[in-house]
There are 2 protein chains.
Amino acid sequence: MNAKVRISDVAKEAGVSVTTVSQILNGKGQRFSEQTRNRVYAVRDQLGYVPDFNARNLITRSAKTIGVLVPNIGNPFFSTFIRGIEKQAMKSQFIPVIFGAENDPDVERYYIEELIKRTVDGLIIASPTVGQEEMDHLLDKNHIPYLLIDQNPLNAGDRIETDDKTGACLAMRHLLELGHRKIALVFPKEPSDNIMRRYQGYCDILAEYQIEPQEDLLITTELTKKGGYLAAAELVKTDATAVFAANDELAIGLYRGLKERGKKIPEDYSIVGYDNIDLSQYVDPPLTTVEQPVYEMGKIAFQKLVERIKEPQKEADEILLPVKLITRQSTRELK
Amino acid sequence: MNAKVRISDVAKEAGVSVTTVSQILNGKGQRFSEQTRNRVYAVRDQLGYVPDFNARNLITRSAKTIGVLVPNIGNPFFSTFIRGIEKQAMKSQFIPVIFGAENDPDVERYYIEELIKRTVDGLIIASPTVGQEEMDHLLDKNHIPYLLIDQNPLNAGDRIETDDKTGACLAMRHLLELGHRKIALVFPKEPSDNIMRRYQGYCDILAEYQIEPQEDLLITTELTKKGGYLAAAELVKTDATAVFAANDELAIGLYRGLKERGKKIPEDYSIVGYDNIDLSQYVDPPLTTVEQPVYEMGKIAFQKLVERIKEPQKEADEILLPVKLITRQSTRELK
DNA sequence: TTGAAAGCGCTAACAG
DNA sequence: CTGTTAGCGCTTTCAA
């Protein structure tokens with residue numbers, strides 16, 4: 001059909017030079033007369049001119065794009081995070097390009113390289129399976145700013161995290177106040193920094209209550225529903241009366257595993273999750289959990305990164321987002 | 001740090017012309033001597049040369065990118081679909097750029113335009129909230145091939161769908177064989193084509209069993225957990241003994257709504273879902289549902305689109321993917 | 001106030 | 001077999 005409208009078409013139609021059009025359309029046209037400016041805008045609209053991205057990027061060396069890497073798009077926690085990012089992105093000139101890295105360093109590396117090739121302006125990485133030294137190498141070398149989520153960066157960039165330690169403390173205090181003393185912790189074998197902070201909180205509160213930590217109450221598994229399901233087998237061997245699960249997915253798997261073993265929640269086990277994913281209020285019984293402002297986190301992460309891209313020398317920000325305990329029916333007083 | 005290596009650097013270092021390097025590196029170098037070829041490859045590796053995408057795209061008018069629009073990344077059905085896409089994408093030269101349109105036509109339009117600006121090569125659209133005429137206008141005008149999922153396209157492009165009608169028949173037969181005669185259907189107010197096919201299946205089977213359809217057994221609601229939850233209120237007013245839910249999300253919401261009303265599954269209501277999302281085996285009781293090969297569907301969709309991009313004149317394909325019934329514990333014989 | 005001219009880094013006719 | 005030449009569509013000096 002109609003071939004693409006180029007800047008020269010606009011220039012010709014408006015009776016001005018290509019330079020003039022370019023300057024005006026890029027907001028650098030203060031020096032041109034109001035008349036010329038309006039004329040150019042009018043012609044632009046009339047012809048439906050849209051600047052060619054590739055041509056522009058070739059010069060500006062930017063694609064107005066931010067890459068986002070998450071371990072797993074299917075996890076509601078990350079999908080909410082992504083929704084936050086997308087929401088914020090619409091207010092900016094940048095678009096987010098999202099990938100699920102499937103916890104595979106090779107996949108992650110592949111995407112990072114692919115994104116670098118495409119001259120992304122920045123990266124939000126919520127799935128650092130690739131070693132941090134390598135990441136630094138890949139990214140710093142290319143002067144690409146990035147933001148790490150759930151993992152503390154080596155570099156001195158912006159930092160954005162939720163208050164995991166407090167979150168764990170809230171969960172633990174809740175269980176302790178209900179009278180539980182044998183509290184199992186179910187968490188991943190290779191915890192990321194944020195999970196480690198939850199583990200810290202677990203330990204701190206036990207210490208505060210002068211409870212000796214029990215080796216067998218520390219159950220490690222995969223951070224998925226399946227992982228939780230499998231952990232149930234371990235759990236029932238212990239004398240635990242309550243469980244703090246590192247996230248809700250895990251807790252939901254645990255539900256299934258325990259039910260299949262004829263255990264009742266909360267009669268036999270009080271369970272606290274973490275994340276407050278959408279689903280947690282639909283399971284039976286609705287899950288007591290710690291809510292993180294993930295959606296906010298996505299928005300802020302994107303915004304911070306855009307700011308950093310625009311102003312690379314800006315002082316690094318450090319943001320700590322609050323958490324809160326949502327009490328539902330999966331926990332009850334120990335009789 | 002080190003400025004970017006350009007093709008001219010490679011050419012100089014290898015003692016050949018820029019053309020030679022370009023041709024060889026783009027696999028069009030059969031005509032050059034083996035010696036030259038190897039030399040160029042060697043220098044490329046040595047210098048770590050990576051072609052500039054923007055410069056290349058400017059000429060080829062392609063960004064080796066395929067846009068993917070889904071209604072909602074959080075829905076496990078779509079996240080699995082996306083995983084299939086990503087899997088397949090890694091085998092191609094294309095990267096998928098994924099967006100959740102939040103069922104908002106404006107958002108969808110925004111992304112489509114943003115993608116066109118960036119010269120995407122093709123689009124997979126699983127969330128056609130924007131009217132099809134408009135879509136055709138936007139995309140056909142720009143000669144961008146696209147694939148519609150869950151919705152039949154107006155144009156004569158490739159078509160890929162799952163056998164929804166058979167799926168619905170499987171679900172219904174299962175319930176009827178268990179003795180149910182009062183079967184409610186819970187589905188969205190504005191059904192997409194694939195949901196309509198399920199509705200057809202529902203009707204057909206009722207007809208086959210010579211059961212008069214009951215108005216009040218057709219419950220419409222939003223296609224979400226929340227929607228299912230709300231539908232429970234309608235459901236309990238009817239004399240239904242079984243429910244066919246248009247998807248698993250809906251069924252899970254229904255679970256919660258029914259439980260809050262003191263109803264038991266499957267004792268009071270037998271429930272069949274659709275999709276077999278990951279979660280459906282974790283809920284209590286595990287959900288009987290119809291499985292669609294979503295992951296496969298993602299892979300095939302991506303592959304087909306890439307084929308079409310490479311060969312625009314190719315004859316349109318039509319692919320029908322099979323479904324199957326997964327029987328779990330949410331259905332039982334009517335006593 | 002404006003525009004001519006010089007590229008950005010690459011690919012691809014076309015000529016040797 | 002190889003290189004010269006001419007752009008892709010845009011931004012950005014710099015001169016008028």
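Below, chains carry the letters A, B, ... as their sequence lines are ordered, and counting in each starts from 1.
OP1 or OP2 of C/dT11 has at least one side-chain nitrogen or oxygen of B/Asn26 nearer than 4.0 Å. Of the side-chain N and O atoms in A/Thr36, none sit less than 4.0 angstrom from OP1 or OP2 of C/dT1. Contact annotation: A/Thr20 reaches the phosphate of C/dG3 (side-chain N/O to OP1 or OP2, under 4.0 Å). A close approach under 4.0 Å does occur between a side-chain nitrogen or oxygen of A/Lys28 and OP1 or OP2 of D/dT12. The side chain of B/Arg31 places no N or O atom within less than 4.0 Å of a non-bridging phosphate oxygen (OP1 or OP2) of D/dC1.
You'll find that the side chain of B/Ser33 is closest to D/dT2, out of D/dT2, D/dG9, D/dC8. Distances from the side chain of B/Arg56 to the nucleotides D/dC10, C/dC10, C/dT1 place C/dC10 closest. Closest contact between the side chain of A/Phe32 and the listed nucleotides C/dT11, C/dT2, C/dC8 involves C/dT2. The nucleotide whose nearest atom lies closest to any side-chain atom of B/Ala55 is, among D/dT13, D/dG9, C/dC10, C/dC10.
Distance alone, capped at 3.5 Å, places no donor-acceptor pair between the B/Asp9 side chain and the B/Val5 backbone.
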*So B/Arg83 and B/Glu86, salt bridge (Lys or Arg N to Asp or Glu O under 4.0 Å) or not? Walk me through it.*
CA-CA 5 Å; B/Arg83 278 186 28 244; B/Glu86 293 188 331; over 6 Å; no

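To the nearest 0.5 angstrom, B/Arg39 atom CZ is 13.5 Å from B/Glu34 atom CD.
A/Thr19 contributes a side-chain N or O that forms a donor-acceptor pair with the base of D/dT12 under 3.5 Å.
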